[in-house]
Amino acid sequence: MSESLPAPSATVQTSIPTESGMVPQPRSARPSWLLAGWATLVFGFLYLPIAVLVMMSFNDSRILALPIRGLTFDWYITALQDEPLRDSLWNSLKVAGIATVLATVFGLLAAFAIYRYRFPGRSAFRIALNLPILLPGIVTGVAMLAFFSDLGFGLSLGTVILGHVVFGIPVALGPLLTRLGQFPRSLEEAAYDLGAKPAQVFLDVVFPYIRSAVIAAALLAFTLSFDEVVVTIFLTGRDNTLPMEIWGRLRTSITPEIAAIATVVLLTSTVLVLLSQRISARDSA
Amino acid sequence: MSESLPAPSATVQTSIPTESGMVPQPRSARPSWLLAGWATLVFGFLYLPIAVLVMMSFNDSRILALPIRGLTFDWYITALQDEPLRDSLWNSLKVAGIATVLATVFGLLAAFAIYRYRFPGRSAFRIALNLPILLPGIVTGVAMLAFFSDLGFGLSLGTVILGHVVFGIPVALGPLLTRLGQFPRSLEEAAYDLGAKPAQVFLDVVFPYIRSAVIAAALLAFTLSFDEVVVTIFLTGRDNTLPMEIWGRLRTSITPEIAAIATVVLLTSTVLVLLSQRISARDSA
Amino acid sequence: MKDQRLVYLDRVSKVYGTAAHPVYAMREVTLDVQPGEFFSLLGSSGSGKTTTLRLIGGFELPEAGHVYLGGKDVTQLPAYRRDVHTVFQSYALFPHMTVVENIAYPLKLAKEPQSAIAERVQETLKMFRIPDLGDRRPAQLSGGQQQRVALARALINRPKVLLLDEPLSALDAKIREEVRQELRALQQETNLTFIYVTHDQEEAMALSDRIAVMHNGQVKQVGTPREIYNHPADLFVAQFVGKANFLQGAIADLSDTTATLQTQGASFTVHRQPNAAIPLQKGTDATLMIRPERLQLNPDTALPNRLSGQLTHLTYIGQLLEATIETPLGTLRVTQLGHTALQPGEVELGWNPDDCQIVDYSATR
Amino acid sequence: MKDQRLVYLDRVSKVYGTAAHPVYAMREVTLDVQPGEFFSLLGSSGSGKTTTLRLIGGFELPEAGHVYLGGKDVTQLPAYRRDVHTVFQSYALFPHMTVVENIAYPLKLAKEPQSAIAERVQETLKMFRIPDLGDRRPAQLSGGQQQRVALARALINRPKVLLLDEPLSALDAKIREEVRQELRALQQETNLTFIYVTHDQEEAMALSDRIAVMHNGQVKQVGTPREIYNHPADLFVAQFVGKANFLQGAIADLSDTTATLQTQGASFTVHRQPNAAIPLQKGTDATLMIRPERLQLNPDTALPNRLSGQLTHLTYIGQLLEATIETPLGTLRVTQLGHTALQPGEVELGWNPDDCQIVDYSATR
């Protein structure tokens with residue numbers, strides 16, 4: 001630096017001490033009131049109805065009027081003592097359980113096939129597997145109904161399970177493919193290199209790597225099956241699943257018992273979905 | 001190499017010419033008959049019903065029996081001349097059109113907020129936005145119905161649109177966030193650096209980059225709205241959307257007219273979904 | 001002479017993190033860059049060199065201090081109001097624009113007439129020897145071509161200062177060498193001021209008029225390549241730039257021009273740097289640095305500093321031959337040109353007082 | 001003497017792509033590696049060096065040729081049946097296992113008793129100076145530590161051959177230098193055979209007993225670092241390894257030991273390499289190569305080859321000083337040790353017949 005530079009004056013110096021606790025905003029930060037307002041709008045619209053439903057289930061009167069005068073668990077007890085509701089819950093758990101196992105196993109096979117083998121039509125195969133989740137449920141429902149009745153299949157919980165498996169496979173495929181896509185091929189090669197035979201490589205290296213994705217996939221498939229309505233309506237025989245039972249009762253009007261059982265379904269679904277997201281996120285971080 | 005190495009014998013040499021056209025399989029390739037068999041099973045189960053439906057719509061008899069004796073377009077013409085069906089199609093297009101525009105715009109705003117601003121609860125915000133698509137439609141449908149009737153809202157296509165927007169936002173958010181996540185921040189900085197003001201940066205650099213994702217998001221939101229049944233049932237007044245109309249008629253039995261209109265819906269949905277996937281894939285490759 | 005400082009950073013600090021746990025990216029950094037200079041910021045990752053560049057470019061706001069451009073305080077000015085352009089490490093070419101559109105973008109923003117833009121762009125394409133690439137998209141270009149387009153875009157409207165953020169790091173080794181020479185030639189032709197960020201000391205030495213060595217957010221030394229290599233300001237710079245041998249000892253004697261370092265069984269004479277920042281005192285511990293190529297093997301003449309040892313290992317890397325020599329004072333490395341004939345065995349080492357330097361005045365750190 | 005070839009590749013070819021458009025990753029590659037040798041495969045990306053390594057490791061099947069390990073044909077044997085281990089570029093540590101579990105994995109697969117495994121693992125941890133890291137996961141280790149764990153895992157059951165795929169490329173420049181020395185020491189202590197893939201010629205030269213230079217799937221030259229640097233087999237090797245000056249001319253005269261190259265207005269004497277593959281003929285065009293450090297500036301004695309020119313530019317990079325000299329025959333580069341005193345201006349260049357070599361016998365390519 002040249003000697004003739006003027007020494008910085010004391011006034012400049014005093015004006016620039018670091019303000020304690022000041023962490024600068026990046027240049028692009030805008031005032032956030034716009035964001036906050038918009039968030040309130042969207043979330044209000046989205047979550048107020050759900051809040052109303054939950055309040056209804058705890059309200060000690062059949063008519064909802066704010067502010068709530070008293071809280072009660074009566075509607076939950078009523079719902080639990082209701083035999084058709086209990087039966088339909090049991091049916092839902094059976095259907096969802098079996099469909100989840102099948103969808104996860106088939107999804108795992110499909111994910112491996114897509115990940116590992118380069119075969120002609122690989123990407124078409126992948127899209128074809130994904131399509132069911134995106135096609136209108138009413139059309140696939142109608143198609144399956146037509147098909148089963150053509151084949152002379154009796155409608156039952158079995159046909160419902162088959163239908164749910166078809167939708168469950170692509171849902172399970174998502175997290176599995178994502179995780180397998182992150183799997184470094186070199187880990188597999190390293191295991192081979194150190195003396196592991198193919199089955200050992202899968203057990204020791206590949207499965208531990210994708211385990212969290214398998215759990216997440218199963219949780220998602222379960223949630224989907226547990227909540228499904230449209231296809232179920234077409235494919236079920238005399239037995240009702242829980243959403244179908246709720247649906248049937250709604251034709252008349254919303255009772256607090258329905259609000260109670262809907263709240264339970266909501267809570268279960270939310271927990272399962274958040275759990276599966278957390279599990280996927282934990283390992284891919 | 002040492003001089004004493006034995007020269008490779010002629011017999012070795014003749015055994016190793018490259019076989020013409022032979023491209024080796026990677027070590028891990030297994031016989032693919034297992035894969036092929038499994039693919040046949042899944043796709044048969046998935047797509048045979050749809051094939052039956054399509055055949056039904058072209059069959060010149062009311063009863064489907066293989067092999068089909070004659071082809072006809074009569075059922076399509078009958079369906080087109082059916083006034084309630086035409087009205088419901090028009091309703092569906094109105095609802096899907098408006099819901100798509102709103103969902104895409106709100107989705108874009110949300111995607112920018114998530115991408116750009118680091119605010120407290122950012123990831124909670126993102127999960128909260130995603131939840132509606134994963135929650136059981138029947139619960140959110142019930143909740144909205146309870147909410148609207150509590151507020152004294154009349155049910156109409158307007159309430160249907162509101163419901164579809166709620167589900168459309170997270171659907172649109174997916175491709176938008178994916179694409180924005182790929183956006184290199186340095187492009188934005190380069191534009192600022194070369195003299196562009198914030199609005200110009202968005203128009204010249206950011207929007208061209210995410211344009212394909214915006215189109216894909218809109219197509220997805222449209223498909224979702226066009227196909228939606230569960231929430232629509234709760235929220236609609238006298239006006240029916242097309243899936244509702246099909247639904248209503250199915251209560252009796254599947255007629256070839258229904259098969260025809262279902263085939264049209266199927267075709268439209270498939271084209272829109274494939275289009276949106278292609279557009280997303282093209283740019284992120 | 002205030003005008004002589006084209007870029008001037010006055011005690012700039014940049015802090016990340018929270019008030020409780022502040023992380024200093026820059027700590028009271030003061031720097032000046034002269035017009036027409038090729039100035040490099042050299043440091044490892046996390047040294048603050050890129051933050052310094054981004055602050056000059058207008059992408060960061062400092063917590064304290066001021067940034068002056070051509071005598072004007074631009075600390076608060078956003079990037080689009082500064083007459084400074086950046087060549088990004090990733091080049092940051094706009095993928096949906098052609099090469100011509102990319103290069104024309106700054107002129108378009110400056111609202112120049114269409115015909116003038118077209119002409120200037122054609123000139124620039126020729127100057128950067130890419131006249132045939134005008135209609136291509138960035139994705140259709142090689143790394144070296146992308147780099148030229150990025151340079152062309154940043155230089156087309158003649159900014160006062162060009163900032164370069166490791167512009168060669170994405171290129172192959174062989175091309176890098178070539179582009180490095182082009183870059184130096186470009187700077188000398190255009191006579192523009194370049195501020196260049198790099199972690200590669202060889203690159204910084206080969207290109208720069210002056211180098212600022214940064215570490216942990218602080219500027220450790222500013223000087224010409226020769227000053228920094230031959231007279232490092234402290235132990236860190238001595239270790240960071242080039243290879244070095246270090247000998248520990250105590251100051252036994254001091255004169256105006258020389259110092260004597262006493263080690264176990266040997267003493268060495270050092271030429272004192274007149275401007276050295278190190279306050280030598282008789283009796284204090286000190287570290288002596290000798291560059292490996294300054295050590296003479298079996299010297300013909302009697303040199304003031306001598307040491308004998310055992311040549312144990314030779315590493316041949318073509319241009320250079322590195323000998324490892326075990327001495328009573330530790331392992332020393334000696335570098336010679338590659339074709340020098342050396343054999344393992346007993347050797348005599350010698351060096352002159354001005355081939356070595358005291359770089360640290362307390363070995364008890 | 002067949003036993004002397006621990007690894008032997010016999011005209012191995014590896015083809016990708018289709019029959020109509022075959023892409024040769026390896027084309028009739030023949031190589032042998034001796035026991036206890038540090039052997040490097042040097043080439044740029046796409047040269048086939050990594051494919052060669054993967055073929056020895058058992059991860060690829062060749063279209064033609066045979067791979068022998070210790071005299072046994074292992075061409076068809078999968079990786080888990082070969083007594084060869086690989087250190088991958090990414091290290092490929094198992095993320096869900098601790099360091100101890102990673103290192104014990106090959107022993108566990110070999111079904112060794114638990115107690116023996118524990119003992120061997122502890123020994124190995126000590127040997128690699130990571131005894132405190134046993135319970136960590138790979139994600140909790142630094143790059144250098146991960147590298148040591150990868151080495152420890154690959155060496156714990158003493159494979160015949162260790163394959164290393166650019167093991168230093170993920171490390172910082174300063175650590176790389178350090179690990180390089182450790183690697184060489186490890187190989188000399190264990191006396192195992194290392195086959196090392198790298199694109200970094202300095203790394204290959206510093207580490208290897210012998211180097212195979214690969215290009216486009218072919219082996220261009222096999223030899224010691226000195227052979228490859230001083231007597232490159234052809235123009236490609238001369239350009240790829242190190243820096244070089246080239247002079248074009250025609251062969252004017254030939255004797256058993258020397259050749260004379262005639263250029264415009266000057267002629268140069270070259271020492272002929274007895275084993276050179278290049279069939280020199282009087283009258284043919286030829287390219288002469290001189291390494292920059294072999295050119296003497298203003299030599300004291302009269303050298304057989306002389307050229308005068310203008311020193312126009314000096315590049316200082318610390319250890320070395322590179323002078324650019326414009327001569328009637330083109331631009332030449334001369335390298336000297338960094339502290340050499342040089343000034344721009346008229347200079348005289350000289351070199352000996354064995355400081356240069358004919359590397360290409362037809363300039364009309």
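Note on naming: letters A, B, ... go to the chains in the order of the sequence lines (proteins, then strands), and numbering restarts at 1 for each one.
- Contact of B:V229 with chain A is made through the side chain alone, with heavy-atom distances under 4.5 Å.
- The closest side-chain heavy-atom distance from B:D227 to A:I138 is not below 4.5 Å.
- Counting heavy-atom pairs under 4.5 Å between each of B:V265, B:L274, B:L220, B:V142 and chain A puts B:V142 at the top.
- With a 4.5 Å cut-off on non-hydrogen atoms, B:T270 touches chain A through its backbone and its side chain both.
- Heavy-atom distances place the side chain of B:F234, and not its backbone, under 4.5 Å from chain A.
- Proximity to chain B (any heavy atom under 4.5 Å) is shown, for A:I50, by both the backbone and the side chain.
- Taking A:L162, A:V230, A:T223 one by one and counting their heavy-atom pairs under 4.5 Å with chain B, the maximum is reached by A:L162.
- Only the side chain of B:V273 comes within contact range of chain A, judged by heavy atoms closer than 4.5 Å.
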